[in-house]
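Whatever order the structure lists them in is the order used to number ligands and atoms, beginning at 1.
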Amino acid sequence: MKVIVLGGDGFCGWPTSLHLSNVGHDVVIVDNLSRRNIDNELEAGSLTPIRPMGQRIRAWRELSGKEIRFENIDVAQDYAALLALLERERPDAIVHFAEQRAAPYSMKSSWHKRYTVDNNVNATNNVLAAIVESGQDIHLAHLGTMGVYGYGTAGMKIPEGYLDIEVTTDEGERVQQQILYPTNPGSIYHMTKTLDQLLFAYYAKNDRLRITDLHQGIVWGTNTPETNLDERLINRFDYDGDYGTVLNRFLMQAAVGYPLTVHGTGGQTRAFIHITDTVKCVELALANPPARGERVKILNQMTETHRVRDLAELIGKLTGAEVAYVPNPRREDAENDLHARNDAFLDLGLEPTTLEAGLLTEVTEVARRYKDRADMDKIPATSTWTREQRPGIPEQVKKLEHA
Ligand code: NAD
Ligand code: USQ
């Protein structure tokens with residue numbers, strides 16, 4: 001299969017590109033390297049020494065004998081180049097990772113909110129419009145998030161995308177339907193993924209596009225069998241307050257001796273998946289596309305749920321790290337339960353990598369090995385969800401804003 005991977009230089013996109021190439025697909029990576037530019041903006045970087053794209057691709061060719069091609073295109077801005085690429089390459093599938101993916105980054109300022117919405121919504125709409133304009137029957141697999149659902153339910157398991165409902169008509173007849181699960185985003189970033197969902201539903205209905213939306217939980221871990229082949233293929237590891245996600249941050253903090261930064265009570269429960277399983281799920285999703293005319297296929301791409309304070313305590317026990325309960329810079333429920341279905345991937349044969357099996361290796365093989373590259377000043381999460389939470393805004397100004 002020929003596959004275009006949008007966002008193929010990123011944390012999920014790079015190992016996925018290598019895996020798809022390894023199992024025999026013809027892979028073209030598209031990326032505008034915006035994530036590397038954001039590293040420059042934030043003066044933060046990957047804990048692991050990631051190589052430039054040219055070196056990555058040369059190393060892969062040398063080791064595997066396989067060719068991955070690279071195109072530097074801004075998918076959100078350069079529609080003409082994107083369309084020309086689809087016409088030239090005629091791919092069977094597109095995997096779409098090319099979005100600004102950090103919730104704290106999306107909340108830093110009005111500029112960051114606007115950038116995240118412009119980038120993510122335009123990127124998705126451009127891809128969909130280009131598939132239609134190309135006249136090709138390309139399967140689009142998009143990386144969405146478990147955060148579109150919010151993180152709580154009335155006690156039932158969150159279904160895979162669609163909610164069964166029953167309505168009573170004026171005549172008193174009871175009618176059963178399935179609707180998109182109501183969205184409840186917790187950040188501007190998560191909100192863009194709920195907008196993506198509507199774009200997918202519309203294009204699947206109107207243009208009969210074949211679309212899979214993968215509602216992924218928090219990805220942890222760093223390397224996959226392919227990125228482990230050579231240090232030049234190493235994957236990125238974000239630990240800073242904006243891009244570092246909770247479990248990888250705790251692993252890195254344990255390795256450098258920084259008290260684990262639990263936000264608030266740590267009662268937040270979230271869904272998780274290991275990076276090795278991410279790449280397998282994408283492979284499975286590409287092998288099992290929806291039919292033309294079918295509604296968007298939504299799969300929950302997560303394997304375990306955990307409460308943040310339980311993760312901190314577990315890592316504390318494993319490594320001796322201290323746990324620090326810090327003020328929560330976000331606006332989110334202090335405590336929540338989370339139960340979600342993930343039968344679709346299990347039925348397709350996914351064998352989850354468990355936290356138990358992988359945690360310690362991650363600390364010793366990655367976090368400790370590269371700990372000298374860490375910049376401790378970049379660890380605290382400073383992006384706040386509301387102006388009230390922001391340090392340094394005088395009380396009088398806050399009051400005026402609400403007058
Ligand atoms: P990442 O930031 O490491 O990678 C995204 C890549 O897309 C980057 O290389 C970036 O340069 C590129 N990109 C962004 N905008 C682009 C544009 N307009 N044109 C071309 N390239 C562009 O993020 P990631 O962690 O690899 O996440 C990939 C996708 O998976 C995102 O859509 C994210 O929402 C989703 N996801 C990630 C996680 C996670 O824990 N990392 C969890 C759930 C879902
Ligand atoms: N948290 C801490 N301490 C930290 C960092 C985070 O307690 O040092 C808490 C947060 O307050 C939050 C939870 O951990 O309650 C998760 O935060 P996160 O940064 O690990 O994850 P999140 O912001 O939700 O975003 C990440 C990815 C995003 C993806 C999402 C999947 O960056 O791309 O969509 O996970 S999900 O969480 O299922 O919505």
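- Near Asp9, with a cut-off below 4.0 Å to any heavy atom, the atoms of ligand 1 are 9 (O).
- With a heavy-atom cut-off of 4.0 Å, Leu33 touches ligand 1 through its backbone alone.
- The closest non-hydrogen atom to atom 35 (C) of ligand 1, taken over Leu143, Asp238, Val219, comes from Leu143.
- For atom 12 (C) of ligand 2, the closest heavy atom belonging to the protein is Glu332 OE1, 3.5 Å.
- Remark: ligand 1 atoms within the under-4.0 Å shell around heavy atoms of Ala76 are 18 (N).
- What sits closest to atom 26 (O) of ligand 1 on the protein, heavy atoms only, is Cys12 N, 2.7 Å.
- Shown in contact with Val308 at under 4.0 Å from a heavy atom are these atoms of ligand 2, numbered in order with element: 7 (O), 14 (O).
- Closest protein heavy atom to atom 19 (N) of ligand 1: Val75 N, 2.9 Å.
- Between Glu332 and Gln268, the side chains place a donor N or O and an acceptor N or O closer than 3.5 Å (distance only, hydrogens not considered).
- The proximity of Tyr243 to ligand 2, defined as any non-hydrogen pair under 4.0 Å, does not occur for either the backbone or the side chain.
- By the criterion of a heavy-atom distance under 4.0 Å, both the backbone and the side chain of Ser34 are placed next to ligand 1.
- From the protein, the heavy atom lying nearest to atom 42 (C) of ligand 1 is Gly217 O, 3.0 Å.
- Relative to atom 4 (C) of ligand 2, the option among Thr261, Leu143, Ile273 with the closest non-hydrogen atom is Thr261.
- For atom 37 (O) of ligand 2, the nearest non-hydrogen atom of the protein is Ile218 CG1, 3.3 Å.
- When only modelled atom types and interatomic distance are considered, Thr168 and Glu173 share no side-chain donor-acceptor pair under 3.5 Å.
- At distances below 3.5 Å, at least one donor-acceptor pair connects side-chain atoms of Arg249 with backbone N or O atoms of Tyr239.
- Looking only at protein heavy atoms, the nearest one to atom 38 (O) of ligand 2 is Met146 CB, 3.2 Å.
- Using cut-offs of 30° and 60° for the angle between ring planes, the Tyr105 and His112 rings count as perpendicular.
- Cation-pi geometry between Arg56 and Trp14 is met: the NZ or CZ atom falls under 6.0 Å from the ring centre, inside 45° of the normal.
- Counting heavy atoms only, Arg330 comes closest to atom 22 (P) of ligand 2 of the residues Gln268, Arg330, Arg270.
- Close approach of ligand 2 to Arg249 (heavy-atom distance below 4.0 Å) involves ligand atoms 4 (C), 5 (C), 8 (O).
- Using a 4.0 angstrom heavy-atom cutoff, Gly217 counts as in contact with ligand 2.
- Within a 6.0 Å sphere centred on CD of Glu43, other residues, nucleotides and ligands contribute 12 heavy atoms or fewer.
- When the shell of 6.0 Å around NZ of Lys371 is examined, it contains 12 or fewer heavy atoms from other residues, nucleotides or ligands.
- Of all protein heavy atoms, the one closest to atom 26 (C) of ligand 2 is Thr245 CG2, 3.7 Å.
- Summarising the contacts of atom 31 (C) of ligand 2 with Asn328, Asp238, Thr145, the nearest heavy atom is found in Thr145.
- When hydrogens are left out, the protein atom nearest atom 32 (O) of ligand 2 is Arg101 NH1, 2.9 Å; that is the closest non-hydrogen contact.
- Side-chain contact between Gln100 and Ser106 is present, with at least one heavy-atom pair separated by less than 4.5 Å.
- In this structure, of Gln216, Gln301, His190, Met146, the residue bringing a heavy atom nearest to atom 36 (N) of ligand 1 is Gln216.
- Atom 11 (O) of ligand 1 has as its closest protein heavy atom Asp31 OD1, 2.6 Å.
- An N or O contact shorter than 3.5 Å is missing between Ala123 and ligand 1 by distance.
- With a 4.0 Å heavy-atom cut-off, ligand 2 is reached by the side chain of Tyr151 but not by its N, CA, C or O.
- Protein heavy atom closest to atom 7 (O) of ligand 1, with residue, atom name and distance, is Gly7 CA, 3.3 Å.
- Nearest non-hydrogen protein atom to atom 9 (C) of ligand 2 is His263 ND1, 3.8 Å.
- At least one heavy atom of Gly144 sits under 4.0 Å from some atom of ligand 1.
- Geometrically, Arg295 does not engage Phe200 in a cation-pi contact, judged by NZ or CZ lying under 6.0 Å from the ring centre and within 45° of the ring axis.
- Of all protein heavy atoms, the one lying nearest to atom 3 (O) of ligand 1 is Phe11 N, 2.9 Å.
- By the neighbour-count criterion of 12 heavy atoms within 6.0 Å, atom CD of Glu322 is sparsely surrounded, having that number or fewer from other residues, nucleotides or ligands.
- Of the candidates His96, Met302, Lys193, the one placing a heavy atom closest to atom 32 (O) of ligand 1 is Lys193.
- The nearest protein atom to atom 23 (O) of ligand 1, hydrogens excluded, is given as Arg101 CG, 3.1 Å; this is a heavy-atom distance.
- The closest approach between any non-hydrogen atom of Gly8 and ligand 1 is not below 4.0 Å.
- Each of the following atoms of ligand 2 lies closer than 4.0 Å to a heavy atom of Gln216: 31 (C), 38 (O).
- Using a 4.0 Å cutoff on heavy atoms, Ile73 counts as a contact of ligand 1.
- Side-chain atoms of Asn235 do not come within 3.5 Å of backbone N or O of Thr227 as any donor-acceptor pair.
- The residue from Tyr189, Tyr115, Trp220, Phe97 that puts a heavy atom closest to atom 31 (C) of ligand 1 is Phe97.
- Two residues are said to be in side-chain contact when any heavy atoms from C-beta on lie closer than 4.5 Å; Thr265 and Tyr325 fail this criterion.
- With no hydrogens or angles considered, a side-chain donor-acceptor pair links Gln216 and Thr278 at under 3.5 Å.
- Below 4.0 Å from some heavy atom of Ala103 lie the following atoms of ligand 2, by number and element: 23 (O).
- Using 4.0 Å as the threshold, Asp74 has a heavy atom nearer than that to some atom of ligand 1.
- Between Val30 and ligand 1, a contact under 3.5 Å exists for no N or O pair.
- Of the candidates Val246, Leu247, Leu338, Asn248, Val246 brings a heavy atom nearest to atom 20 (O) of ligand 2.
- Side-chain contact between Gln197 and Ile298: present, with at least one pair of heavy atoms (C-beta onward) separated by less than 4.5 Å.
- With hydrogens left out, the protein atom closest to atom 2 (O) of ligand 1 is Arg35 CD, 3.2 Å, a heavy atom.
- Summarising the contacts of atom 17 (C) of ligand 1 with Asn120, Val95, Asn32, the nearest heavy atom is found in Asn32.
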Hey, mind stepping through Gln176 and Ile165 against side-chain contact (heavy atoms from CB on, under 4.5 Å) and telling me if it holds? CA-CA 6 Å; Gln176 269 102 33; Ile165 59 156; over 6 Å; no

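- Atom CZ of Arg331 has 12 or fewer neighbouring heavy atoms from other residues, nucleotides or ligands inside a 6.0 Å radius.
- Judged by the 6.0 Å and 45° rule, Arg101 forms no cation-pi pair with Tyr243.
- For Asp9 (side chain) and Asp31 (main-chain N/O), no donor-acceptor pair under 3.5 Å exists by modelled atom type.
- Not one N or O of Arg236 is nearer than 3.5 Å to an N or O of ligand 1, by distance alone.
- Of the heavy atoms in Asn119, only side-chain atoms (C-beta onward) come closer than 4.0 Å to ligand 1.
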